[in-house]
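Here the structure comes first, spelled out in structure tokens, and everything after it is commentary.
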Amino acid sequence: MKHFTTIQSLVQHLSGLHKKGLSIGFVPTMGALHNGHLSLIRIAQQQCDIVVCSIFVNPTQFNDPRDLEKYPRPIAEDIKKLEQVKADILFEPRVKEMYADNEHWHLPIGELEHLLEGASRPGHYQGVTQVVNKLFAIVKPDVAFFGQKDYQQFLVISRMVTLLNLPVKLIMCPIARETDGLAMSSRNVHLSATERQNALILSKTLNRVKHNFNSDDIWRLKLEAERAIAAQPGVELSYFEIADAETLHAATANTPHIVALVAAKVGNTRLIDNVILVD
Ligand code: AMP
């Protein structure tokens, strides 16, 4: 695997590959890689000639400095994992390589920016679009792969691609889960054994809603889900929403595509999960 830390060296290497007509697949990450990230790389390998993975803990998308500081950064282990799955290229820039001082960015994302995750994390999606736009400009991927785990993020990035006419195809990849159902996340390392057990209420509740889903019963299903999560000791519900899969507004009986999304704090760790109810 080739490992680049500067934009110039990466761009130079990639331009040779672009000239050869090879298709470039891109998997942006913040590292602390787990099987969810690796599943994205495997999917990318099936669809593209070359797979580039980036590891960059992007400061502009964190609104809590403590969260940024404690974000796990096991880079040596990450490199081993990427070599094991035979990723072609790792791009791992420093913050100074990605950002000049006093940079400004504002994308008119619209309502999606302020709903659900956006409401809990003001400015988060501005930071996400800022860095993903930069990464797209550097890597110039033909296809970029993102996880359904961050469902709203996928919608926001799709919106950016439309707004800025970016020449990239986006693919949403399924959520990788632990055998007990917990959605894999770099943040799971912060969970104690008890918190990890408590966290299972999220995937269990999403599964129950999926199992019992009936579009005439949305209001009741949401209420029951909220109650079940609120009743779990050590879990503080941020939101549970049964939403229109495109707008993330509350779904109604007539909504064609529906997703259930949840966010909660388990101890000090904020977790998110979702399930598609009507595709
Ligand atoms: P992150 O490192 O958390 O920014 O995630 C990088 C990419 O991996 C994003 O597209 C995430 O949606 C995706 N991802 C994170 N966790 C999972 C998971 N459990 N299953 C599938 N994709 C995931």
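Numbers for residues simply follow the sequence, beginning at 1. Whatever order the structure lists them in is the order used to number ligands and atoms, beginning at 1.
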As an exercise, identify every atom of ligand 1 less than 4.0 angstrom from a heavy atom of Met184. 16 (N), 17 (C), 18 (C), 19 (N)
For Pro28, atoms of ligand 1 separated by under 4.0 Å from a heavy atom: 6 (C), 7 (C)
Phe146 vs Phe154 aromatic rings, parallel, tilted or perpendicular, using cut-offs 30° and 60°? perpendicular
Distance, nearest 0.5 Å, that separates CD1 of Ile272 from OH of Tyr151: 13.0 Å
Which atoms of ligand 1 are found less than 4.0 Å from any heavy atom of Phe146? 10 (O)
Consider ligand 1: state whether an atom of it lies below 4.0 angstrom from any non-hydrogen atom of Ala32. no
Contact check: Phe145 vs ligand 1, nitrogen or oxygen atoms, below 3.5 angstrom: no
Verdict with supporting geometry, Glu178 and Ser203, side chain to side chain contact (heavy atoms under 4.5 Å, CB included): CA-CA 10 Å; Glu178 304 290 354; Ser203 54; over 6 Å; no
Decide whether an N or O pair under 3.5 Å exists between Asp150 and ligand 1. yes
Hey, what's the ring geometry for His13 with Phe4, parallel, tilted or perpendicular (30° and 60° as the breaks)? tilted
Which atoms of ligand 1 are found less than 4.0 Å from any heavy atom of Leu40? 7 (C), 8 (O), 10 (O), 13 (C), 21 (C), 22 (N)
Quick test of your reading of the model: are Arg270 and Glu117 salt-bridged, counting only N-O distances below 4.0 Å? yes
Within the 4.0 Å heavy-atom cut-off, what His37 brings close to ligand 1 is side chain
At the 4.0 Å heavy-atom cut-off, does His34 count as touching ligand 1? yes
Check this for me - ligand 1, Met30, N or O atoms closer than 3.5 angstrom, yes or no? yes
Starting from atom 23 (C) of ligand 1, what is the nearest protein heavy atom, named by residue and atom, and what distance separates them? Lys149 CB, 3.9 Å
Please report whether ligand 1 has a polar contact with Gly147, defined as an N or O pair separated by less than 3.5 Å (distance criterion only). yes
What atoms of ligand 1 come closer than 4.0 angstrom to any heavy atom of Thr29? 2 (O), 6 (C)
